[in-house]
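Below is one structure; the comments refer to it alone.
Note that the coordinates shown come from a computational prediction; the quantities given were computed from them, not determined experimentally.
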Amino acid sequence: AGWLLQSTGMFQKRIGDIQAGIQHANYFINIGSGTAEQALQLSSMAKTRVRDEFDVQLKEEVVLAGF
């Protein structure tokens with residue numbers, strides 16, 4: 001998944017204060033006051049880019065509670 005995300009330009013991509021990883025794009029960092037909504041938006045963007053470019057559907061490894 002990391003290589004796919006890197007290949008779609010997600011490295012250090014940012015929405016608000018949520019940013020894709022600085023070493024690779026397979027994790028997110030809250031660099032200030034990022035919100036859950038911003039994290040979900042960035043996740044959705046990442047999954048859409050990978051799906052559109054590689055026809056691969058990524059899924060979160062974590063369970064989202066309360067969404």
Do Arg49 and Glu53 come within less than 4.5 Å of each other through their side chains, counting heavy atoms only?
-> no
Kindly give the heavy-atom pair with the smallest separation between Ala25 and Leu5, and that separation in Å.
-> O-CD1, 3.4 Å
Considering residues at least two apart in sequence or located in another chain, which fulfil the salt bridge (charged side-chain N to carboxylate O under 4.0 Å, His left out) criterion with Glu61?
-> none
Nearest 0.5 Å please: distance from the CZ atom of Phe11 over to the CD atom of Gln23.
-> 8.5 Å
Salt bridge (charged side-chain N to carboxylate O under 4.0 Å, His left out) partners of Lys13, counting only residues at least two apart = none
Just jot down the side chain to side chain donor-acceptor pair (under 3.5 Å) partners of Ser43, sequence neighbours excluded, or say none.
-> Glu60
Smallest heavy-atom separation, Phe54 atom then Ser7 atom, equals CZ-CB, 3.7 Å
Residue set satisfying side-chain contact (heavy atoms from CB on, under 4.5 Å) with Ala39, at least two apart, ordered chain then number -> Ile18
List in chain and number order the residues that pass side-chain contact (heavy atoms from CB on, under 4.5 Å) with Gln41, two or more places apart in sequence or in another chain; answer none if no residue qualifies.
-> Ile15, Glu37, Gln38
Fellow cluster residues of Ile31, listed by chain then number, with links counted only when side-chain atoms sit under 4.5 Å apart = Ile22, Tyr27, Ile29
If Ile, Leu, Val, Met, Phe, Trp and Tyr residues are connected whenever their side-chain heavy atoms lie under 4.5 Å apart, and connections chain through other members, are Leu40 and Phe28 in the same group?
-> no
All heavy atoms of Gln19 vs all of Leu42, minimum pair found to be C-CD2, 3.9 Å
Quick one: list whatever passes side-chain contact (heavy atoms from CB on, under 4.5 Å) with Ser44, sequence neighbours left out.
-> Thr48
Would the number of heavy atoms belonging to other residues, nucleotides or ligands and lying under 6.0 Å from CG of Asp55 be above 12?
-> no
Output all residues satisfying salt bridge (charged side-chain N to carboxylate O under 4.0 Å, His left out) with Arg14, sequence neighbours left out; order by chain, then residue number.
-> Asp17
If we only count heavy atoms from C-beta on, is the Lys47 to Lys59 side-chain gap below 4.5 Å?
-> no
